[in-house]
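Report on one structure; see the data block that follows.
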Amino acid sequence: EPEPEPAADEAEPEPEPEPEEIDYYAYAVEKLDAAGEIPEGYIVEVDSETADALRLHVYVDMGTHTATAGWYELNKNTLLITDVIFGGTI
């Protein structure tokens with residue numbers, strides 16, 4: 001015998017929504033700025049990115065060289081930001 005058609009009020013449940021995609025760069029910049037780690041006029045540039053981490057370079061272009069304010073790494077799983085130079089977390 002064929003399977004009976006489900007009644008209209010027995011519709012299939014909605015699929016679970018996908019977890020919201022995080023803009024890791026924006027998240028890290030917001031946290032670093034709030035912690036006072038980005039001096040005015042400095043650039044925050046992505047140095048490298050893997051599936052689990054985002055490494056950021058905070059610097060200013062001095063014309064003949066760059067002046068580094070810091071190197072930071074965001075753990076995408078825990079959302080903790082580590083100060084690569086001095087240690088500790090933001």
Side-chain angles (χ1 to χ4, degrees):
E1 287 183 23
E3 289 278 324
E5 290 293 318
D9 61 347
E10 293 179 27
E12 291 192 25
E14 290 290 317
E16 289 293 315
E18 291 294 316
E20 188 175 326
E21 188 65 31
I22 296 172
D23 181 338
Y24 293 106
Y25 174 81
Y27 174 85
V29 168
E30 180 182 322
K31 294 296 182 187
L32 289 169
D33 192 41
E37 300 293 327
I38 305 174
E40 189 170 332
Y42 276 58
I43 298 164
V44 181
E45 185 173 79
V46 174
D47 177 65
S48 62
E49 184 171 8
T50 66
D52 296 320
L54 183 68
R55 184 168 287 222
L56 300 170
H57 183 202
V58 180
Y59 69 96
V60 66
D61 185 344
M62 303 296 286
T64 58
H65 65 284
T66 59
T68 295
W71 286 94
Y72 302 93
E73 188 164 290
L74 169 69
N75 179 316
K76 293 179 178 180
N77 300 307
T78 64
L79 297 181
L80 285 176
I81 300 171
T82 302
D83 184 323
V84 176
I85 296 173
F86 297 108
T89 56
I90 307 296

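The first residue in the sequence is number 1, and the count goes up from there. These numbers were taken from a predicted model, which means no experiment stands behind them.
Between V60 and G41, the shortest heavy-atom distance links the atoms CG2-O, 3.9 Å. Nearest approach of Y42 to A67, heavy atoms of both residues: CE2-O, 3.6 Å.
Partners of N75 by side chain to side chain contact (heavy atoms under 4.5 Å, CB included), not counting sequence neighbours, listed by chain and number: N77, T78. For V44, the side chain to side chain contact (heavy atoms under 4.5 Å, CB included) criterion is met by Y25, V29, I38, L56, V58, not counting sequence neighbours. With sequence neighbours excluded, the residues that form a salt bridge (charged side-chain N to carboxylate O under 4.0 Å, His left out) with E49 are K76. For T64, the side chain to side chain contact (heavy atoms under 4.5 Å, CB included) test picks out no residue, with sequence neighbours left out. Considering only residues two or more places apart in sequence or on other chains, E37 meets the salt bridge (charged side-chain N to carboxylate O under 4.0 Å, His left out) condition with none of them. Listed by chain and residue number, H57 satisfy the side-chain hydrogen bond (donor to acceptor under 3.5 Å, both in side chains) test with T68 (two or more places apart in sequence, or in another chain).
Within the structure, the salt bridge (charged side-chain N to carboxylate O under 4.0 Å, His left out) test picks out the following pairs touching residues 53-72 (sequence neighbours left out): R55-E73. Every pair tested for salt bridge (charged side-chain N to carboxylate O under 4.0 Å, His left out) that includes a residue from residues 22-31 fails, sequence neighbours excluded, so the list is empty.
Side-chain contact check for Y72 versus L54: every heavy-atom pair is 4.5 Å or farther apart.
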Donor-acceptor pairs are to be reported for all side-chain atoms of residues 80-90 against protein atoms at under 3.5 Å, with residues two or more places apart or in another chain.
residue: D83; atom: OD1; partner: I85; partner atom: N; Å: 3.0
residue: D83; atom: OD1; partner: F86; partner atom: N; Å: 2.9

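Grouped by direct or indirect side-chain proximity (heavy atoms under 4.5 Å, Ile/Leu/Val/Met/Phe/Trp/Tyr only), Y59 sits with I43.
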